[in-house]
Amino acid sequence: MSSKSPVWHPFHQHGLGEPIPLVDRAEGAVLHTADGREVLDVISSWWVITHGHNHPRIVEAIQRQAEQLDQLIFAGWTHQPAEDLARGLRAIMPDELEYVFFSDSGSTAVEVALKMALGFWANTGRARHKIVVMEHSYHGDTIGAMSIGERGVFNKAYSPLLFDVETIPFPHQGTEQATLDTLEAACAGGGTAAFIVEPLVLGAGGMLMYSPGTLREMRSICARHDVLFIADEVMTGWGRTGTLLACEQAGVVPDILCLAKGLTGGSMPLAVTMATAPIYDAHYSTDRAKMFFHSSSFTANPVACAAANANLAIWREEPVLDRIATLSERQSKGFARIAAKHPISNLRQCGTVIAMDVDAGESGYLADIGLTMREGLFRRDVLMRPLGNTLYLMPPYCIADAQLDRVFTAIDEVLTEAL
Ligand SMILES: *Cc1c(COP(=O)(O)O)cnc(C)c1O
């Protein structure tokens, strides 16, 4: 056997021979590599870690639950961690979202949302199939989730498998009305089942941001035409945008809400799709053919639910929103200094998500400058993954000032070197 690792990594081109760091422990914002480096994880291990790695309360909850009940069939059976979590979510999420359906990842939360929407229409005798989506969206990598996401290099090879959707343009500043008009037209026909959108920030699409006012308008267009409004808050949820949910900033409540990533503080794979009573009621019957036909083996895994309950306790008992506010302010100052010194455009921020485009003569996800910056930052013990020429920061909320300063210095040096 060769010494080459048999591991096939996601979103990684093995052929480029980039080093693959081996990490053996983490705490807060720091990853400790096997070769003794301390790397700052300023993308929260791909947008999932909220309070910091290995938060003691979450670790303890996982340990305790693992000794008690490891896994349970969830079709018609239940356990206390799931019951507590569903009630805990009901207490902090909008009142209208009365029901909680569990799954394992953001992608499955989205698949479940789509199936709930079509199930709602099918079970109420009105066949509606069309899904409306926003340009540049990302909703996951399973076939359904890819179908409703931006078409491009990510999914070109699989395009024959993807179903058709109707796409509205991204509401760039000044072009919002065109977006709203297209949505209105797409909803007016009567055959539209749902509109799905990432509220305020389109993550993988390049950290593109739009206004709460536009989100509010989109929500009311859907309501006017009886089109289900699905909020994919997989990335934006759990304080990322400055509030618990991004939807809050627009004062809107979706019919269906997808949560994952930060649900367990980022410690365990778990997702929920929350729905309003009419959607649940459409599946509620003595007719077994109307039940919701979706499950995965690890639906509501007890250990993952315990981790999520610890996350909720942290939200209840620690000043999470204050931490977020302080962090966003520091990020904003740091990026302003960098932008003043380097060829940067579109500096933008929403809560703890801050991004800028580096003007290096090329753009798009495969822009070489992205890889150059990633390598330069890694040499300086900073983990970032620029989206093409878009450089962004999405750190865990616990990151210290001195750590952030180290990141800003690293970015400054890398840009000086690269440009
Ligand atoms: C990450 C992400 C997903 C997919 O979540 P996974 O847990 O990676 O499957 C879906 N929607 C959005 C907005 C995301 O950022």
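Order of appearance sets the numbers: ligands from 1, and atoms from 1 within every ligand.
- Side-chain atoms of Asn346 never come within 3.5 Å of backbone atoms of Asp357 as a donor-acceptor pair (strictly under, hydrogens ignored).
- Heavy-atom proximity to Met235, at under 4.0 Å, picks out these atoms of ligand 1: 15 (O).
- Looking only at atom types and distance, the side chain of Thr179 has no donor-acceptor partner in the side chain of Thr182 under 3.5 Å away.
- Ligand 1 has an N or O atom lying under 3.5 Å from an N or O atom of Asp232, backbone or side chain.
- Judged by distance alone, the side chain of Gln65 and the main-chain N or O of Asp70 form no donor-acceptor pair under 3.5 Å.
- In summary, of the residues considered (Thr273, Ile256, Val272, Thr299), a side-chain contact (heavy atoms from CB on, under 4.5 Å) with Val112 occurs for Thr273 alone.
- Nearest protein neighbour of atom 4 (C) of ligand 1, counting heavy atoms only, is Ser107 N, 3.6 Å.
- Judged purely by distance below 3.5 Å, without hydrogens or angles, the side chains of Ser107 and Asp141 never pair a donor atom with an acceptor atom.
- Judged purely by distance below 3.5 Å, without hydrogens or angles, the side chains of Asn311 and Thr264 never pair a donor atom with an acceptor atom.
- On a distance-only criterion, Thr108 and ligand 1 share no N/O pair closer than 3.5 Å.
- Distance remark: protein heavy atom not present below 4.0 angstrom from atom 8 (O) of ligand 1.
- Side-chain contact, Thr167 with Arg151: no donor N or O sits under 3.5 Å from an acceptor N or O.
- Distance alone, capped at 3.5 Å, is enough to place a donor-acceptor pair between the His79 side chain and the Ala300 backbone.
- Applying the 4.0 Å criterion to heavy atoms of Glu198 picks out, from ligand 1, the atoms 13 (C).
- Residue contacts with ligand 1 for Ala260 are absent, since no atom lies close enough (heavy atoms, distance under 4.0 Å).
- Listed by number with element, the atoms of ligand 1 under 4.0 Å from a non-hydrogen atom of Gly106 are 4 (C), 5 (O), 6 (P), 7 (O), 9 (O).
- With ligand atoms numbered from 1 in the order given, ligand 1 contributes 15 (O) to contacts under 4.0 Å with heavy atoms of Trp47.
- For the pair Trp46 and ligand 1, no heavy-atom separation below 4.0 Å is found.
- Electrostatic pairing of Glu111 and Lys115 does not count as a salt bridge here, judged by no charged N lying under 4.0 Å from a carboxylate O.
- Atom 3 (C) of ligand 1 has its closest protein heavy atom at Val234 CG1, 3.7 Å.
- Residue contacts with ligand 1: Glu233 is excluded, as none of its non-hydrogen atoms falls under 4.0 Å.
- Within the 4.0 Å heavy-atom criterion, both parts of Tyr138, backbone and side chain, lie near ligand 1.
- Of all protein heavy atoms, the one lying nearest to atom 2 (C) of ligand 1 is Lys261 NZ, 2.6 Å.
- Residues forming a salt bridge (charged side-chain N to carboxylate O under 4.0 Å, His left out) with Arg25 (at least two apart in sequence, or on another chain): none.
- Set against the non-hydrogen atoms of Ser105, the atoms of ligand 1 under 4.0 Å away are 7 (O), 9 (O).
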